[in-house]
Amino acid sequence: MHRQSRPIMAELPPAEHIDAEALAKEYLNGSIDLICVLGPTASGKTKYAVRLARGLEAACGRSCEIISADSRQVYRGMDIGTGKDLADYCGIPYHLIDIADAGSQYNVFQFQQDFSAAWQDIRSRGCIPILCGGTGLYIRAVTSAYDFRSSRPLSAPGPDSEATLDLTNGSKGLGPAKALPASTYFIGTLVTREVRNERIDRRLDARLQEGMVDEIRGLLDAGVPAETLISYGLEYKFVTLYIKGELSYAQMREQLAIAIHQFAKRQMTWFRGMERSGTRIHWTEV
RNA sequence: GGGUAGGUACCAGAGUGGCCAAAUGGGGCAGACUGUAAAUCUGCUGGUUUUCACCUUCGGUGGUUCGAAUCCAUCCUUACCCA
């Protein structure tokens, strides 16, 4: 008898079919000003967003451009570990990928600024913007118009008043009114946990074979501190620990797979939280 | 065949007569998170129950005892060692 405790799992939301033509119409008549594709890692967001872009272009003749909402793909030289898969875009222009140096510290506030600029730019050229990514905080910061000016500026680890002052001045200088979307249509890419984890495992092995360890060793050799890479989390954290000899290859692979599973779960928690607070997400099977 | 050490909840692993439904870690589940978010943090994790509580659990069986995961007997079983 296998009475393994089977905890209640949040049921998957019902999937719906997204009609590109209707969506294009909504965008053109101004009832929405941004389309956002979100989902946990390994749910096929990018591929879906590209397909959607194609569908929208076919439906209304306007070009689509994708704005990435991925807190790690912003860094140059971090390709395999962040799964950039730039070929997946198939010619659709993308934004906010490779915009910061590996080793630097990008953040939500910066993202909000950069997103605003890209979003306005795309719209000013008559194109349709699609925000696509899995960094929930980033997505929410730009679609719910988070106001960071009133919040505490990022403070340095120590009592480094100078750094704090610089950031404060910087945010003031950018002005209070950032242009952000007023109405976003959210599409979530839906996969069962089992399928998701299976894909994560397979993808991890593929990345290891593609030379992920070498990529990260290269970053270390280029002078990116190990602590910084570790702070980036997941592949950068565990592979760095492996390179430093603190984990065996097998341990690295196993612990990393678990950490990615847990990350995907946390992403879903965030998205559910968005729904709980009133955001309508149209989940679709991919 | 003989010897030794083990068999504890999903896993690992404490506990060696009452304060044990059973430490701790991992995993899992759920949640929080407006300037690091692939980060950081919280709760739950035998069953019924709102709580109190009660019920069934520590390889099997049978004992000892007011009381056993803990002691005894026996059986099954795992690892290693000697043959």
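Bear in mind the structure is a predicted one, so any value in this text is a computation, not a measurement. Order of the sequence lines sets the chain letters (A, B, ...), proteins ahead of strands, with each chain counted from 1.
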A.B. asks: What distance, rounded to whole Å, do you find between the two C1' atoms, one in U61(B) and one in C41(B)?
C.D. replies: 49 Å

A.B. asks: Applying a 3.5 Å limit to both distances, which nucleotide forms a Watson-Crick or G-U wobble pair with A73(B)?
C.D. replies: U61(B)

A.B. asks: What does T41(A) touch in the nucleic acid at a heavy-atom separation under 4.0 angstrom: a base, only the sugar-phosphate, or nothing?
C.D. replies: nothing

A.B. asks: Who are the side chain to side chain contact (heavy atoms under 4.5 Å, CB included) partners of R51(A), not counting sequence neighbours?
C.D. replies: Y48(A), V286(A)

A.B. asks: Determine whether the aromatic ring centres of Y232(A) and Y75(A) lie less than 6.0 Å apart.
C.D. replies: yes

A.B. asks: Would you tell me whether Y89(A) and E65(A) have side-chain atoms, one donor and one acceptor, within less than 3.5 Å of each other?
C.D. replies: no

A.B. asks: Quick one: list whatever passes ring-ring contact (aromatic ring centres under 6.0 Å, His included) with F238(A), sequence neighbours left out.
C.D. replies: none

A.B. asks: Name the nucleic acid region contacted by I260(A), choosing base, sugar-phosphate or nothing; use a 4.0 angstrom heavy-atom cut-off, strictly under.
C.D. replies: nothing

A.B. asks: Of all residues at least two apart in sequence or in a different chain, which pass the side chain to side chain contact (heavy atoms under 4.5 Å, CB included) check with D98(A)?
C.D. replies: R76(A), D79(A), K84(A), L86(A)

A.B. asks: Take the protein atom CE of M268(A) and the nucleotide atom C1' of G28(B), then report the distance between them rounded to whole Å.
C.D. replies: 17 Å

A.B. asks: Should F109(A) be counted as stacked on G35(B), where stacking needs a ring-centre gap under 5.5 Å and an angle between planes under 30 degrees?
C.D. replies: yes

A.B. asks: Say you pick atom P in U51(B) and the same atom in G17(B); how far apart are they, in whole Å?
C.D. replies: 33 Å

A.B. asks: In the strands shown, is C80(B) matched to any nucleotide by a Watson-Crick or G-U wobble pair with both distances under 3.5 Å, and which?
C.D. replies: G3(B)

A.B. asks: Could you check which residues of residues 201-217 of chain A get a heavy atom under 4.0 Å from RNA chain B? Sort them by number, please.
C.D. replies: none

A.B. asks: Just N and O in the side chain of R193(A): are any of them under 4.0 Å from OP1 or OP2 of C29(B)?
C.D. replies: yes

A.B. asks: Of all residues at least two apart in sequence or in a different chain, which pass the side chain to side chain contact (heavy atoms under 4.5 Å, CB included) check with A264(A)?
C.D. replies: P40(A), T41(A), R196(A), I200(A), Q267(A)

A.B. asks: Locate the shortest heavy-atom distance separating Y106(A) from A100(A); write the atom from each residue and the value.
C.D. replies: CD1-CB, 4.3 Å

A.B. asks: Would you mind classifying the nucleic acid contact of K237(A) as base, sugar-phosphate or nothing, using non-hydrogen atoms under 4.0 angstrom?
C.D. replies: nothing

A.B. asks: Check whether any side-chain nitrogen or oxygen of R276(A) sits under 4.0 Å from OP1 or OP2 of A32(B), and answer yes or no.
C.D. replies: yes

A.B. asks: Rounding to a whole Å, what distance do you find between F111(A):CZ and A39(B):P?
C.D. replies: 18 Å

A.B. asks: Looking at A37(B), I'd like to know if its phosphate oxygens (OP1 or OP2) sit under 4.0 Å from a side-chain N or O belonging to Y138(A).
C.D. replies: yes

A.B. asks: What is the pairing partner of A32(B), taking Watson-Crick or G-U wobble pairs with both distances under 3.5 Å in any strand?
C.D. replies: U40(B)

A.B. asks: So what does R140(A) touch, heavy atoms closer than 4.0 Å: a base, only the sugar-phosphate, or nothing?
C.D. replies: nothing

A.B. asks: Would you say a side-chain N or O of R266(A) is under 4.0 Å from OP1 or OP2 of A37(B)?
C.D. replies: no

A.B. asks: If you check the L137(A) side chain, which of A38(B), U34(B), A32(B) turns out closest?
C.D. replies: U34(B)

A.B. asks: When you check the phosphate oxygens OP1 and OP2 of G28(B), does a side-chain N or O of K265(A) lie under 4.0 Å from one of them?
C.D. replies: no

A.B. asks: Answer yes or no: does a side-chain N or O of Q262(A) lie under 4.0 Å from OP1 or OP2 of G27(B)?
C.D. replies: yes

A.B. asks: When you measure from the side chain of W270(A), which nucleotide among A37(B), G28(B), A38(B) comes out closest?
C.D. replies: A37(B)

A.B. asks: What side-chain donor-acceptor pairs closer than 3.5 Å can you find for residues 126-140 of chain A, not counting sequence neighbours?
C.D. replies:
unit_1, atom_1, unit_2, atom_2, d
T135(A), OG1, A69(A), O, 3.4
T135(A), OG1, S71(A), N, 2.9
R140(A), NH2, S277(A), OG, 2.5

A.B. asks: Given the P atoms of U57(B) and A21(B), what is the spacing between them in whole Å?
C.D. replies: 13 Å

A.B. asks: Under 4.0 Å between a side-chain N/O of T135(A) and OP1 or OP2 of A37(B), yes or no?
C.D. replies: no

A.B. asks: Measuring only the C1' atom in each nucleotide, how far is A22(B) from U70(B)? A whole number of Å is fine.
C.D. replies: 12 Å

